[in-house]
Structure formats: C-alpha cells, structure tokens
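The block underneath contains the structure these notes are about, expressed in structure tokens.
Please read all numbers here as calculations on a predicted model, not as lab measurements. Chain identifiers are assigned alphabetically (A, B, ...) following the order of the sequence lines, protein sequences preceding nucleic acid strands; residue numbering begins at 1 within each chain.
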Amino acid sequence: MVRRIPRGRVATYGQIAELAQASGPRQVGYALHALPEAHDVPWHRVVNARGTISLRSGLGGEAHQHALLKAEAVEFDANGRIDLDRFRWKKR
DNA sequence: AGCCTGACTCGGA
DNA sequence: CTCCGAGCCAGGC
C-alpha cells in the first residue's frame with residue numbers, strides 16, 4: 001500500500017491502516033519498522049496524523065526521512081511539520 | 001495465558 | 001492550536 005503513494009505526497013499511518021485494511025495505525029508503523037533490507041517501499045512518505053516525523057527508535061533516521069521527502073518537493077514548515085492539507089495523499 | 005512495549009490516534013482539557 | 005491520558009493490536013518473553 002505504501003508503494004502506491006505517489007512521489008511528492010505523504011500519507012498518515014491511520015490512512016494507510018484504513019486503505020490497507022490493517023488492524024490499526026500501530027501495526028502499520030510496526031510493519032514499516034520491520035521492513036526487510038531489500039525493500040522497495042517509500043516508507044519516508046508515511047508520517048503521523050500531525051504531519052511530523054515520528055521515529056521512536058534509531059534516531060537520526062528522522063533527518064534522513066526529512067531529506068528524502070525534501071528531495072521529492074514535500075515542504076516542511078518552521079516546526080518541521082508537513083502541511084497535510086497540501087501534501088496528504090488523496091487516493092484517487 | 002499474562003505482562004510489557006511500540007514508525008499511532010482520538011477525545012477531552 | 002497544544003498537551004495528556006486512554007484505547008488499540010500484534011509480537012516477544
């Protein structure tokens with residue numbers, strides 16, 4: 001499901017959970033954390049409901065994700081948050 | 001089976 | 001709008 005997120009767009013955990021028919025936002029996050037090394041999943045396009053990066057473990061990856069998104073023209077405000085009204089992926 | 005933990009979310013203050 | 005607390009489900013011990 002995460003693979004469906006187009007470049008330059010982001011989705012929330014809850015959104016993915018719903019579309020992927022997962023049993024909850026946490027499972028989505030859990031799944032992404034457990035991604036195999038050889039993945040082709042743009043996990044960086046997934047953020048929490050507030051539009052912020054929430055990597056609980058392995059800090060530093062936060063900056064990485066920020067960079068990846070920035071490379072796809074996703075903008076962050078002064079608080080490091082994404083304007084979901086503009087960048088949230090609307091499955092369509 | 002019970003208990004703890006976690007890339008979350010939602011409602012109330 | 002932000003901060004807290006409770007609710008969630010699955011996985012490892």
Length of the line joining [X]:[atom1] and [N]:[atom2], which is rounded to integer Å:
X	N	atom1	atom2	value
A:Q15	B:dC10	CD	C1'	16 Å
A:L84	B:dT9	CG	P	10 Å
A:Y13	B:dC8	OH	P	6 Å
A:L35	B:dA7	CG	C1'	10 Å

Quantified in whole Å, what is the P atom distance between nucleotide B:dG11 and nucleotide C:dC9? 16 Å
Gap in Å between the two C1' atoms, one belonging to B:dA7 and one to C:dC13, rounded: 22 Å
With sugar-phosphate taken as primed atoms, P, OP1 and OP2 and all else as base, the protein-contact string of nucleotides 1-13 of chain C at under 4.0 Å (heavy atoms; B, S, -) is -S----BBBSS--
Distance-minimising heavy-atom pair for A:V46 and A:Q65: O-NE2, 3.2 Å
Check: A:N79 side chain, A:R81 main-chain N or O, donor-acceptor pair, under 3.5 Å: no
Gap between atom CG of A:L32 and atom CZ of A:R45 - 0.5 Å precision: 13.0 Å
What distance separates A:F76 CZ from A:K70 NZ, expressed to the nearest 0.5 Å? 9.5 Å
Is the number of heavy atoms from other residues, nucleotides or ligands within 6.0 Å of NE2 (A:H39) greater than 12? yes
List the atom pairs, with distances to 0.1 Å, where a side-chain N or O of residues 1-23 of chain A and a protein N or O form a donor-acceptor pair under 3.5 Å, not counting sequence neighbours.
unit_1: A:R3; atom_1: NH1; unit_2: A:D40; atom_2: OD1; d: 2.6
unit_1: A:R3; atom_1: NH1; unit_2: A:D40; atom_2: OD2; d: 3.4
unit_1: A:T12; atom_1: OG1; unit_2: A:Q15; atom_2: N; d: 3.0
unit_1: A:Q15; atom_1: OE1; unit_2: A:T12; atom_2: N; d: 3.4
unit_1: A:Q15; atom_1: NE2; unit_2: A:W89; atom_2: O; d: 2.6

